[in-house]
Amino acid sequence: MSINSLGQLYFEHLQILHKQRTAKENEEEASVDTSQENQEDLGLWEEKFGKFVDIKANGPSSVGLDFSLHEFEHLYGIPQHAESHRLKNTRDGDAYRLYNLDVYGYQIYDKMGIYGSVPYLLAHKLGRTIGIFWLNASETLVEINTEPAVEYTLTQMGPVAAKQKVRSRTHVHWMSESGIIDVFLLTGPTPSDVFRQYSHLTGTQAMPPLFSLGYHQCRWNYEDEQDVKAVDAGFDEHDIPYDAMWLDIEHTEGKRYFTWDQKRFPNPKKMQELLRSKKRKLVVISDPHIKIDPDYSVYVKAKDQGFFVRNQEGEDFEGVCWPGLSSYLDFTNPKVRGWYSSLFAFPVYQGSTDILFLWNDMNEPSVFRGPEQTMQKNAIHHGNWEHRELHNIYGFYHQMATAEGLIQRSKGKERPFVLTRSFFAGSQKYGAVWTGDNTAEWSYLKISIPMLLTLSITGISFCGADIGGFIGNPETELLVRWYQAGAYQPFFRGHATMNTKRREPWLFGEEYTRLIREAIRERYGLLPYWYSLFYHAHVASQPVMRPLWVEFPNELKTFDMEDEYMLGSALLVHPVTEPKATIVDVFLPGSNEVWYDCKTFACWEGGCTVKIPVALDTIPVFQRGGSVVPIKTTVGKSTGWMTESSYGLRVALSTKGSSVGELYLDDGHSFQYLHQQQFLHRKFSFCSSVLINSSADQRGHYPSKCVVEQILVLGLRKEPSSVITHSSDGKEQPVAFMYCAKTSTLNLKKLSLNIATDWEALIWLAMRQNITTYQSRYDAHGSTDPCGSLLPAAPSVLTASTLQHSLTHTSSHQASST
């Protein structure tokens, strides 16, 4: 990488308006300094946008710098745009714009900024990944100019032509309207290294409460308490799990946040107790604009304490939003954030309970009738900073204050859940993000994948898109496909605007209800895996939803792929995004990899594209050989009903016949995992026909009665003669099993292996081979498993003689196979 190789370093000095200087100063400098007058003539001190005039108190104050990335052609990041995952060359078109705006039904494949901004990009090539974090919250443009590698013929010398090869490079030019040049270069060298380096600067993804990984039901608006009750009952009646009911702005008294419409929602606590009895939650909206109303206590207290953004004249800024004429809280002021957080206390927020969580919307900030429907750039914030300096970080501070409020109301014990529409670098510390006001069209389903991948690699793992499209009425096939895609994306919420047809999952006929039910239930079955992925995002900065190039950084074909992705390192997902599709081309990366169809268990070699038949009930999902995926064997009405339900393990063998995987478990809602080390982190390893459950982190302790009741081994080429389990207390148990030669799968059922304790499951393929293998294993390693996991140090180490005894003991208990 080289810096300023194009000479585009630019740094304008703050100035005093020429007309405000004294006559004497003007006389002294008139003969030597005409640059400012020229700037004024060019309109650089004063700009007009429609009826709005932006007066720049300190003159033009832009900064810029260029970076040349040698041999890099693939760049990613700088959300949020409804664009491809790989950043495009801007030489002949618009630059990427980072400027948070409320854009209803945004255009796709467009570089204009929408709701959030993360001024951070990654560049990747074979063998190296780097990052650039441009820390600036003002309006920013990013130009990208890639020069591909070329080979020139220099001279013709007889029969031999002299040639020179020019290597590829990409120039990145950052330009911000104001602020300073504050840039961090992340040197990698791997994608994981860059993710970790970035998290040291901005923080990791907050550990979400478990309920928030379930399905969320929302629309603008559920009409009243009876409507909420009926929708909630509908999920139970149709056996569809869900975790949270959402209420939009109509639940308030005239769009006054922290209030309830007394006619529609006269008993909010009773409504919440109904949801609590079903182990479900309520999420309500709270926007940053405050209705100007002398009888509205929130407005009065904020005004009395000077907590609103001010205009150029020093008065409270006023703009129009949902309540009508409103003022906007200045969340850049720590005192305002502290006060706002206090509004969530139960005695203050009347009608709220501990199952109520928050949704921050319109926090770009959205100002109807404002320039580009946002706040004027010369509005004044805390410390006399102009809005232009910090526009893109306004929503970040709003979400921060909301999350802190939810933590404070529980006296620091409970994790918050806050969804925000506007965001900035570091927003991952405070909750989730979604892609805003999308449209019920196939193209928006398709573009949601690269949009979410881009958010994920820039630190914001907890992200999603509104299922079915917020605007318009989706056809039933599109709705089903969107549920199937959303079930494999981090934030999973159905939402629709007002005046659209109701679209609860059971309103489209029995067959479509079944398909949507299956998609949602599949999500709930995978929750142990989802939760474990979020733990890794939280502690190790690894994205939950990953572009293929992150997992396969040395496979060139993955660098441009955006129609399929990885969940963690184990699952590959290819949503169906075209109508009436019957076949989907799925690329399975890794020439040394093996992949298993999660539905049929069919095995495929990696490094090729395969044609997968699809019906309306099919979405291609593959498990990577060498992985172990924990699942729940039964699905409840919500996550709360599944706390003590049994686990299953899906063991997919690699080409070497081994697998590893993990499970993270805690109470799902508190900070006890952090403060009291109350968690379980288990490691599963399969090697030499033995599956071992051991501790991945000895610091954790969390009592759990849950058991593993089923183990499915994929890719086992030979039928076992017997299977036994061996627990840390020395007990041995023969296991009934079923083996399918056609799919090479071994199914162990009716197990009762405690998830929190160490145990082994031994699969006997040939008597003498296994005895020899395990004799050498224990002779060489003692209590250490050669696959990398540790057996318990004190209790029961198996010996070859024990294995011989076990084999003899279980020979009469061999189960039938199919």
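Here the side chain of D110 pairs no donor or acceptor atom with the backbone of A82 at under 3.5 angstrom. Here the side chain of R196 pairs no donor or acceptor atom with the backbone of Q542 at under 3.5 angstrom. In this structure, Q484 contributes its side chain and V576 its backbone to no donor-acceptor pair below 3.5 Å. Side-chain atoms of R280 come within 3.5 Å of backbone N or O of K637 as a donor-acceptor pair.
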Do any side-chain atoms of residues 458-466 form donor-acceptor pairs under 3.5 angstrom with protein atoms, and if so which ones, sequence neighbours left out?
from : atom 1 : to   : atom 2 : distance (Å)
T458 : OG1    : T454 : O      : 2.8
T458 : OG1    : L455 : O      : 3.0
S461 : OG     : V544 : N      : 3.2
D466 : OD1    : R493 : NE     : 3.3
D466 : OD1    : R493 : NH2    : 2.9
D466 : OD2    : W434 : NE1    : 3.3

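Among all heavy-atom pairs drawn from P490 and M545, the shortest one is CD-SD, 3.7 Å. A123 approaches L69 most closely through the heavy-atom pair CB-CD1, 3.7 Å.
Taking the side-chain contact (heavy atoms from CB on, under 4.5 Å) definition, one finds that T402 meets it with Y340, F344, L358, N360, H398, V418, sequence neighbours left out. Contacts of E562 classified as side-chain contact (heavy atoms from CB on, under 4.5 Å), with partners at least two apart in sequence or in another chain: S84, H85, P450. Considering only residues two or more places apart in sequence or on other chains, H81 meets the ring pair (Phe, Tyr, Trp, His ring centres under 6.0 Å) condition with Y96. Listed by chain and residue number, nothing satisfies the side-chain hydrogen bond (donor to acceptor under 3.5 Å, both in side chains) test with Y394 (two or more places apart in sequence, or in another chain). Residues meeting the side-chain contact (heavy atoms from CB on, under 4.5 Å) test with T170, sequence neighbours left out: L75, I144, T146, V172. Legend: residues meeting ring pair (Phe, Tyr, Trp, His ring centres under 6.0 Å) with F587, ordered by chain and number and at least two apart, are absent. Not counting sequence neighbours, Y120 has no partner by the side-chain hydrogen bond (donor to acceptor under 3.5 Å, both in side chains) test. The side-chain contact (heavy atoms from CB on, under 4.5 Å) test applied to S591 returns no partner, not counting sequence neighbours. Scored by the ring pair (Phe, Tyr, Trp, His ring centres under 6.0 Å) test, Y397 finds no partners at all (sequence neighbours excluded).
With no hydrogens or angles considered, no side-chain donor-acceptor pair links D563 and T577 at under 3.5 Å. Between the side chains of T639 and D243, at least one donor N or O sits under 3.5 Å from an acceptor N or O. For Y215 and Y483, the side-chain atoms include at least one donor-acceptor pair closer than 3.5 Å. No side-chain donor-acceptor contact under 3.5 Å links T435 and Q80. No side-chain N or O of H538 forms a donor-acceptor pair with one of Y664 less than 3.5 Å apart.
Relative orientation of the F470 and Y104 rings is perpendicular, given thresholds of 30° and 60° on the angle between their planes.
With Y242 as the partner, the ring pair (Phe, Tyr, Trp, His ring centres under 6.0 Å) test is satisfied by one option alone out of Y524, F235, W641: F235. Of the residues V194, V550, I132, I130, the one that meets the side chain to side chain contact (heavy atoms under 4.5 Å, CB included) test with L122 is V194.
Open room surrounds CG on N592; 12 or fewer heavy atoms of other groups in view lie less than 6.0 Å from it. For E441, the CD atom counts as densely surrounded, since its 6.0 Å shell holds more than 12 non-hydrogen atoms of other residues, nucleotides or ligands.
Evaluation of the side chain to side chain donor-acceptor pair (under 3.5 Å) test over residues 565-574, restricted to residues two or more places apart or in two chains, returns E564-H574. Applying the salt bridge (charged side-chain N to carboxylate O under 4.0 Å, His left out) definition to pairs two or more places apart or across chains, those involving residues 443-457 are K446-E578.
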Could you walk me through whether K125 and E73 satisfy the salt bridge (Lys or Arg N to Asp or Glu O under 4.0 Å) test, starting with their C-alpha distance in whole Å, then the side-chain angles of each, then the deciding distance to 0.1 Å, before giving a yes or no?
CA-CA 7 Å; K125 65 180 179 181; E73 296 184 30; over 6 Å; no

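The shortest side-chain heavy-atom distance between Q489 and L567 does not fall under the 4.5 Å cut-off.
For the atom pair CE (M566) and CE (M561), the distance works out to 12.5 Å, reported to the nearest 0.5 Å.
In this structure, K281 satisfies the cation-pi test against F211, with its NZ or CZ atom closer than 6.0 Å to the six-membered ring centre and inside 45 degrees of the ring normal.
Y673 has its ring centre no less than 6.0 Å from the ring centre of Y535.
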